[in-house]
Every structure is written in structure tokens, then in C-alpha cells.
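Every number for a ligand or one of its atoms is a count from 1 in the order of the listing. The structure displayed is predicted, hence computed values, not measured ones.
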Amino acid sequence: MITVREPATETVLTEIPAADRSLLDAAVARARESAPAWRALTPRARARALSDLAAALEQHVEELALLEARNAGKPIADARGEMEMVIDAFRYYSGAPERPLGETIPVAGGQAFTVREPLGVVGLITPWNFPLLIASWKLAPALAAGNAVVLKPAVLTPMTALRFEQLASEAGIPEGVVNVVVGAGSTVGQRLVEHPDVAKIAFTGSTEVGRQIAAAAAPTIKRVTLELGGKSPNIVFADADLQKAAAAAPAAVFGNAGQDCCARSRILVQREAIDEFMQELEQVVRSIRVGDPLDHSTQMGPLISAGQREAVSSFLNGEAPIAIRGSAPEGPGYWFPPTVLAPVDPHARAAREEIFGPIAVVIPFTDEADAIRIANDTIYGLSGSIWTRDGAKALRVAHALECGVLSINSNTSVRVATPFGGFKQSGYGRELGPHALDAYTEVKSIFFATS
Ligand code: NAP
Ligand code: MG
């Protein structure tokens, strides 16, 4: 049995039978059987099915938000925002079946053109931090492209995936096209990656598990896309609107209690601005309302588990001074206050490893070149922000940073219409935007002789 808990109270939400390898194999077999008919639907019919599914999700948005808020411990306002983004993903990709795909290419003696074909059965493996949101970024393009899917959500947060499976069926997605299997990554997840009838794995999770998946996919030459960890910089130049930069910095790292792969958890501040920036930052961090996820005014909830709290706490090891500490409720619940370490040496463990919790480090820098050097000195390359009033400098730094997603004078960079993914050990492949379909299709090149 899998015991699903509410991180804010540590109480049991429900118990779910844990799937094993044979249940996973049965789901893959169902997906394999249903894939040809789903693929053979007219583009209009598949588009229609996906927009019906978006409408069904819309009708259940409050229910889904509440489930996610309770199971993941995230503020209800955030959970509702995430469900809106889930619906956006299905609306956006519901147009895909009818959009142009492929190209014509001038060649001698005939006509060459390409078509894009679905892969067949696609395996989706997702983490616990944004459970249904991250799943939707895979589900929507995979289904739009004509694949059947097997989704393995994280055992800590399976609730919205299971509800999604029911809603997809009620909305008219043919049986067997969407399959959710709840079981441990080390058994069921591993089997999904190794399964010979699964054409591709789309994974979001830690860099460590990403490495294992890439290796386990190799024997079957399985296609893999990986969205992994991050240690993203938030670079604040002295000529920035410091008040705005300091007001935005906490949301960029303490959102979702810091359990966000895009967290801008390394705040790089130009030396001459550091005192003013820290004063502003302290005010904002102290005012963050940490508490009951179901209270509409809550801004930060608990961590996902006792294990996560222990892992996060290990970064308060005296290596760097605690400059700011916000508030957090007493137990029960896996609470951890928003915390800022400053100043932090770029070589300190807290400055190098992904913490995945509400701890930010402030690292001083001298000039543009120093900022770029520190920002890029990491195995990761997911996200980042740049704050300055100098447009040319903003663009120079944006081009120099080694990361897949960036924002200038803003801390938001994830939108359904724009590509999302990492450089370096933050993964490969892109989700969202028009190119996501590339990750769920094969290109076939056809030559038609005319002479
Ligand atoms: P995780 O430990 O890597 O687990 C992610 C998923 O993989 C879970 O469903 C897990 O199953 C499964 N899994 C574990 N071992 C596996 C194996 N050997 N084969 C197949 N599947 C396996 O990550 P997490 O702890 O859930 O989430 C935190 C991490 O995710 C952070 O490092 C964060 O940076 C990253 N993340 C990245 C993004 C992004 O878009 N780049 C987004 C969110 C999170 P069970 O846990 O259920 O056993
Ligand atoms: Mg894990």
C-alpha cells in the first residue's frame, strides 16, 4: 500500500494499492492496443477530444486545486493558478493536430517532403513538486501528436493524476489512451523505462534519477527527454530598480516552498548595492505568510515530507551566516521558514547544490564579467533572471548565461507558448511551445519521383 499524506498536517489523505511490474506491463499493453485507433482519428476529431478534455478540467478546477493543495501542501491560490496552466496546456495543444507539420524540400527528379508520425506508447515520469502541471506539459503534446501514454506520478503526490485519468475517460478520450500507474520509481518507473514496447520516456525529476533513466533507456535506444534540477542565478546589478528586484526575489526562490526546479536560489548582487538590497529583501521575506495551504492568504506551505525537511536543514551547517529568517508554524507539518544565507562564498555547498527548499544564498559580485562567471560556474543550466536598467547590458548577459529559460526585470519565464528546458545537466529536450511536438513524433522523409 502507498500511504498518501497531507504535508501540512502529516495526516493520511488516502491509501492506494501500489502497482508492481505486472500492473505496469498491463497498462503498457492497453496503451499499445489503443494507440493505432487514436492515431487514426481525423485531426479534427483528436483536436475536438482534447478541447473537450480541457473543458472537463475547467469544470473541475476547484476540485483539482483542492486535491493538489492538500496532497502537495501548496497554497490554494497557487494550486488554482497551476490548474489554470494545466487547462492552458490542453487548450494550446488541442490546436496542434490541425496545424501544419513537416516540410517540402526542393530536390532533383521529384519531390521530397517530411511527415511527422506519433511514436506509439510514451512513458511519462513526473515529480511531486508540481504534480499535475508537469504531467500536463507532457500529456497534452503527447496526446495531440497521436500517442497513447502511461503516466507514473510520484508516489508522494498521485491524487490529481488519478483524477485526471477519470476525467479523460469521462471527456471521451478512448479507453487505454491515458493510463496512470502509481508505484515506486525503483520498480514500476524502472520497468517503464526498460519496457520494449515503450518508444519514449519524458522525465522530470532530479539530475541523479535522470542519469539512471538515460542509462536504462540505452539498451532499447529509447528516446528520452529530461527536465532535471537547477541552481539558477538571480543577478541584480547596482543600476537595477532595487526595490522591484528585492520584492520579486523571494517569490522566485520561496515559491512552492523553494521546491521548484526554476528557483532562482543564488541571488547575485553587485557589491555597491548589497546593503540597500538586503534591507529591502529582509522586509519582504519577513512578511511572507507561511501556514495552512487551504487559507487563501497563505503564501508558502510546508515542505513535501520529513525527509525533504531533513535534506533542506542539512544546508544550515554553519558554512554561511543566516542573514534573514522568516516565520513558520510549529508542527505537525513539515514546516521550514524562508531563510536567506548571506554573504555566501560561491564554493560553499549551499551555493553549489540544489537545495529544493526555502533557502536562498546571496553572493556578492564586482562587475558584469564576474557576475557571468559566477552564474555559469555550475553543472546546472535551467533558468535565471537579470535585473538592470541598462538594456544593452541585459542582452549581453542574457546571451552569455548558460541556461534554457531567462527573464529580464521579471522572475517569471514559464509560459505555455514558449519553450522550456535546460542546458548542461539540467537536461535535454524542450517542453511547451510549438517545438514540444518534436519530442513526441518521429520525422519521416519521403521522396516521390516525378520522372
Ligand atoms: P526524483 O526523485 O528524480 O523522482 C522523479 C520521478 O522519478 C518520481 O516519479 C520517482 O518515483 C521516479 N523515479 C525514481 N527513481 C526512478 C528510476 N530508477 N526509474 C524510473 N523512475 C524513477 O525527483 P523528485 O524527488 O520527485 O523531485 C525533485 C527533483 O525534481 C528536483 O531535483 C528538481 O530539480 C527536479 N525537478 C525538475 C523540474 C524541471 O522541469 N527541470 C521540475 C520539477 C522538479 P517515486 O518518487 O514515486 O518513487
Ligand atoms: Mg526523489
Side-chain angles (χ1 to χ4, degrees), residues 2-4 16 18-21 24 71-72 74 82 85 123-138 150-159 161-162 180-195 198 201-218 222 224-232 253 255-265 303-305 307-308 310-312 353-357 378-384 403-405 413-414 419-432 436 439:
I2 290 166
T3 303
V4 183
I16 299 174
D20 57 10
R21 284 186 171 81
L24 188 275
N71 188 187
K74 60 180 71 216
E82 286 171 30
M85 288 173 77
L124 315 176
I125 302 178
T126 50
W128 44 257
N129 56 343
F130 298 101
L132 191 58
L133 182 60
I134 287 174
S136 76
W137 295 353
K138 305 177 192 316
V150 177
L151 166 63
K152 194 216 87 64
V155 288
L156 289 170
T157 56
M159 302 305 292
L162 289 168
V180 175
V181 181
V182 182
S186 55
T187 55
V188 164
Q190 174 90 11
R191 173 66 184 156
L192 188 59
V193 178
E194 290 171 352
H195 202 298
V198 174
I201 294 289
F203 171 76
T204 296
S206 58
T207 293
E208 187 188 334
V209 173
R211 283 187 198 108
Q212 292 169 24
I213 286 181
K222 199 161 272 129
V224 178
T225 44
L226 300 173
E227 303 285 357
L228 309 175
K231 188 73 186 174
S232 299
V253 52
N256 212 44
Q259 303 164 121
D260 179 348
C261 51
C262 284
R264 274 74 157 164
S265 53
L303 293 170
I304 191 70
S305 65
Q308 190 67 13
E310 207 171 299
V312 171
E353 293 181 19
E354 185 179 46
I355 298 176
F356 226 58
T378 165
I379 61 164
Y380 297 111
L382 189 54
S383 181
C403 62
V405 209
S413 48
V414 178
F420 174 72
F423 281 24
K424 304 198 285 190
Q425 293 188 36
S426 289
Y428 42 72
R430 290 294 178 273
E431 302 198 295
L432 301 178

Among all protein non-hydrogen atoms, which one is nearest to [atom], and what is the separation to 0.1 Å?
atom: atom 11 (O) of ligand 1; result: K152 NZ, 3.1 Å
atom: atom 38 (C) of ligand 1; result: C261 SG, 2.8 Å
atom: atom 25 (O) of ligand 1; result: W128 NE1, 3.0 Å

If we only count N/O pairs under 3.5 Å, is [X] in contact with ligand 1?
X: Q212; value: yes
X: S186; value: no
X: T204; value: no
X: P127; value: no
X: G185; value: yes
X: F203; value: no
X: N129; value: no

List every atom of ligand 1 that sits less than 4.0 Å from any heavy atom of [X], numbering the atoms from 1 in the order shown and giving each element.
X: I125; result: 6 (C), 7 (O), 9 (O), 12 (C), 20 (C), 21 (N)
X: L382; result: 41 (N)
X: F420; result: 40 (O)
X: A154; result: 9 (O), 47 (O)
X: V155; result: 47 (O)
X: E227; result: 37 (C), 38 (C), 39 (C), 40 (O), 41 (N)
X: I134; result: 42 (C), 43 (C)
X: A184; result: 48 (O)

Keeping the roles fixed (side chain from [X], backbone from [Y]), state whether a donor-acceptor pair exists under 3.5 Å.
X: Q425; Y: T207; value: no
X: S426; Y: L228; value: no
X: E354; Y: G230; value: yes

Heavy-atom distance to [atom]: which of [options] wins?
atom: atom 15 (N) of ligand 1; options: L156, V209, L226, V193; value: V209
atom: atom 1 (P) of ligand 1; options: G421, S206, G422; value: S206
atom: atom 30 (O) of ligand 1; options: G205, G189, S426, A215; value: G205
atom: atom 34 (O) of ligand 1; options: E354, Q308, Q190; value: E354

Find out whether [X] and [Y] are in side-chain contact, i.e. whether some heavy atom of one side chain is under 4.5 Å from a heavy atom of the other.
X: S383; Y: S413; answer: yes
X: L132; Y: E82; answer: no
X: P131; Y: T126; answer: no
X: W137; Y: E227; answer: no

Under 3.5 Å, is there a donor on one side chain and an acceptor on the other for T187 and R21? no

For ligand 1, is any non-hydrogen atom under 4.0 Å from F356's backbone (N, CA, C, O), its side chain (CB onward), both, or neither? side chain

Backbone, side chain, both or neither: what part of T126 comes under 4.0 angstrom of ligand 1, heavy atoms only? backbone

Trace of the side-chain contact (heavy atoms from CB on, under 4.5 Å) decision for F356 with N129: CA-CA 10 Å; F356 226 58; N129 56 343; 3.2 Å; yes

Look up atom OG1 in T225 and atom CZ in R430, then write down how far apart they are to the nearest 0.5 Å. 10.5 Å

Run through L124, V209, L192 and flag the one making a side-chain contact (heavy atoms from CB on, under 4.5 Å) with F203. V209

